[in-house]
Amino acid sequence: MGDSKDNLLWISWHDSAWIPILNPTNVMDYFQSTTNPFYDRTCNNEIVKMQRLNMEHLSNLTGLEYMLLHVQDPILYVIRKQHRHSATVITPLADFYIIAGVVYQAPDLGSVINSRISTTVNHLQGAFDEARTYSRYHPSKGYWWEFKETESKDQEDENKKLQKKSSKEKAKEDSSSAFQRHRVNILLADLARKFPLKNIPYPAASNLQPEQRASTEENTKVEVKVEVKTEPQANKPPPEKKPRLV
C-alpha cells in the first residue's frame with residue numbers, strides 16, 4: 001500500500017455549502033467540483049459539460065467517464081468510474097460513495113485482502129514476540145516456559161497489603177477530626193498556663209568549694225552496713241562421765 005498522502009483510500013472530501021441541498025439531480029454536479037480530488041477533469045463528463053450536452057451522449061464516446069450507479073436518498077449515493085470501449089462494453093475502474101455529503105473511495109478487493117493480511121501478520125508478530133519473552137534456556141535443563149502467573153499473584157498480594165495499610169492509616173487519621181485536635185491543643189495550653197511547672201534551681205558544681213564538693217559526695221554515697229548474725233548458744237549440760245570397765 002502506498003503513502004497515505006498519495007493513496008485516495010486514506011482521504012475524504014466534502015463541500016459544506018452543497019450538503020443541505022444535495023439530491024439525486026445535482027449529485028453529479030457536486031461530485032464534479034474542481035476541489036474534489038477523486039474527480040479526473042480529463043474524463044468525457046467534462047467534454048459533455050463544456051458542450052452543454054445531455055449526459056446520455058456519454059454512451060457515444062469512448063474513454064474515461066463517471067456515472068451515478070446507486071441512489072439511496074438522502075443519505076447514500078454511489079458513483080462509478082469506468083472506461084468505455086464501446087456503447088455496450090465498459091470496464092469498471094473504481095467506485096465512490098457519498099455518505100451524508102462526504103465522498104470516500106470504496107476499497108478494491110486487493111486493498112481489502114492486503115489490509116487483512118497486514119493486520120493478521122502484525123498480530124502474529126506481536127504474539128511471537130510475547131511468547132519469546134516467556135521462553136527460558138539452561139544448558140543443564142534445556143528449554144522451558146516461564147509464565148508470569150506467579151509474578152502477577154505476588155503483585156496482587158502486595159497490592160492487597162498496601163490497600164490494607166492505607167485503609168488502616170486512614171482509619172487512624174479519621175479517629176479524630178481537625179476540630180477536635182484543635183480544641184484539645186487549646187485545653188492543654190490553658191492547663192499549662194494555670195498550672196505552670198516549677199523550676200527548682202540546682203547549684204552548679206563549678207560554684208562549690210572543694211570542701212563542699214567532698215561533703216556532697218560523701219552525702220551521696222550509700223552506706224553499706226554489714227551485719228553479722230550470731231546464733232545464741234543454747235545452755236547444754238556437761239557430758240556425763242561413763243565408768244571405766246576393769
Side-chain angles (χ1 to χ4, degrees), residues 1-134 147-149 152 156 159:
M1 189 175 290
D3 192 4
S4 60
K5 294 181 180 179
D6 300 330
N7 195 347
L8 297 178
L9 296 174
W10 293 80
I11 63 175
S12 63
W13 175 84
H14 70 280
D15 190 350
S16 303
W18 279 80
I19 292 176
I21 59 173
L22 200 60
N23 56 61
T25 59
N26 61 6
V27 67
M28 288 302 297
D29 295 332
Y30 173 65
F31 187 82
Q32 293 172 7
S33 176
T34 56
T35 58
N36 185 6
F38 302 106
Y39 181 66
D40 189 355
R41 297 183 64 84
T42 62
C43 62
N44 293 335
N45 298 68
E46 282 293 314
I47 297 173
V48 173
K49 187 177 179 181
M50 291 174 63
Q51 296 178 0
R52 297 182 180 181
L53 299 174
N54 194 353
M55 288 298 170
E56 295 177 355
H57 290 80
L58 287 173
S59 59
N60 300 325
L61 302 175
T62 58
L64 186 65
E65 66 181 24
Y66 294 88
M67 62 168 292
L68 183 61
L69 181 65
H70 177 74
V71 175
Q72 188 177 342
D73 194 35
I75 191 69
L76 176 64
Y77 305 95
V78 179
I79 296 174
R80 171 166 289 179
K81 179 182 180 181
Q82 59 190 10
H83 189 276
R84 182 175 292 276
H85 302 280
S86 64
T88 57
V89 180
I90 57 174
T91 302
L93 299 177
D95 290 336
F96 304 92
Y97 56 95
I98 303 173
I99 298 179
V102 183
V103 183
Y104 305 92
Q105 180 175 348
D108 56 289
L109 183 60
S111 299
V112 173
I113 294 175
N114 189 14
S115 176
R116 295 294 185 270
I117 292 175
S118 299
T119 304
T120 304
V121 170
N122 187 20
H123 290 309
L124 288 174
Q125 185 65 36
F128 282 123
D129 292 340
E130 186 176 359
R132 191 168 59 246
T133 60
Y134 298 139
F147 297 99
K148 297 181 180 179
E149 293 181 356
S152 62
E156 288 179 0
N159 293 332

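Pairing each heavy atom of Met28 with each of Asn45, the nearest pair is CE-ND2, 4.1 Å. Asn26 and Ile21 get closest at one heavy-atom pair: ND2-O, 2.9 Å. Nearest approach of Ile19 to Gly101, heavy atoms of both residues: CG1-CA, 3.9 Å. Considering every non-hydrogen atom in both Tyr97 and Leu76, the closest pair reads CB-CD1, 4.2 Å. Tyr77 and Leu22 get closest at one heavy-atom pair: OH-O, 3.8 Å. Taking both residues in full, the closest heavy atoms of Ser12 and Val102 are given as CB-CG1, 3.9 Å, listed atom of the first, atom of the second, then distance.
Here the side chain of Arg84 pairs a donor or acceptor atom with the backbone of Ala87 at under 3.5 angstrom. Looking only at distances, no side-chain donor or acceptor of Tyr66 sits under 3.5 Å from a matching main-chain atom of Asn44. Side-chain N or O atoms of Thr133 include one that pairs as donor or acceptor with a backbone N or O of Glu130 at under 3.5 Å. Although no hydrogens or angles enter the test, the distance criterion places a donor-acceptor pair under 3.5 Å between the side chain of His57 and the main chain of Asn54.
In this structure, Phe31 and Tyr39 have perpendicular ring planes: the angle between them is above 60°, well past the 30° mark.
Rounding to the nearest 0.5 angstrom, the gap separating the OG atom in Ser59 from the CD atom in Glu65 is 8.0 Å. Rounded to the nearest 0.5 Å, atoms CZ (Phe38) and CD1 (Ile98) are 10.0 Å apart. In this structure, Asn122 CG and Gln125 CD are separated by 8.0 Å, a value rounded to the nearest 0.5 Å. Distance check: Gln105 CD to Ser111 OG gives 8.0 Å after rounding to the nearest 0.5 Å. Rounded to the nearest 0.5 angstrom, Thr91 OG1 and Leu64 CG are separated by 11.0 Å. If you take CG on Asp95 and CD on Gln82, they are separated by 9.5 Å, rounding to the nearest 0.5 Å.
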Q | Working for side chain to side chain contact (heavy atoms under 4.5 Å, CB included), residues Met67 and Ile79 | A | CA-CA 6 Å; Met67 62 168 292; Ile79 296 174; over 6 Å; no

Q: Show your working on ring-ring contact (aromatic ring centres under 6.0 Å, His included) between Phe96 and Trp13 and close with a plain yes or no.
A: CA-CA 11 Å; Phe96 304 92; Trp13 175 84; over 10 Å; no

**Q.** Residues Val71, Val27; criterion side chain to side chain contact (heavy atoms under 4.5 Å, CB included); working and verdict
**A.** CA-CA 10 Å; Val71 175; Val27 67; 5.8 Å; no

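In this structure, Ile11 and Pro37 have side chains that are in contact, with non-hydrogen atoms separated by less than 4.5 Å. Annotation: side chain of Leu93 is in contact with side chain of His83 (closest heavy-atom distance under 4.5 Å). Between His123 and Phe128 the shortest side-chain heavy-atom distance does not fall below 4.5 Å. The closest side-chain heavy-atom distance from Asp29 to Trp18 is below 4.5 Å.
Taking Gln51 as the reference, nothing meets the side-chain hydrogen bond (donor to acceptor under 3.5 Å, both in side chains) condition, with sequence neighbours excluded.
For the residue pair Thr62 and His85, no side-chain donor N or O sits within less than 3.5 Å of a side-chain acceptor on the partner.
Under the salt bridge (charged side-chain N to carboxylate O under 4.0 Å, His left out) criterion, no residue pair touches residues 98-110, with sequence neighbours excluded.
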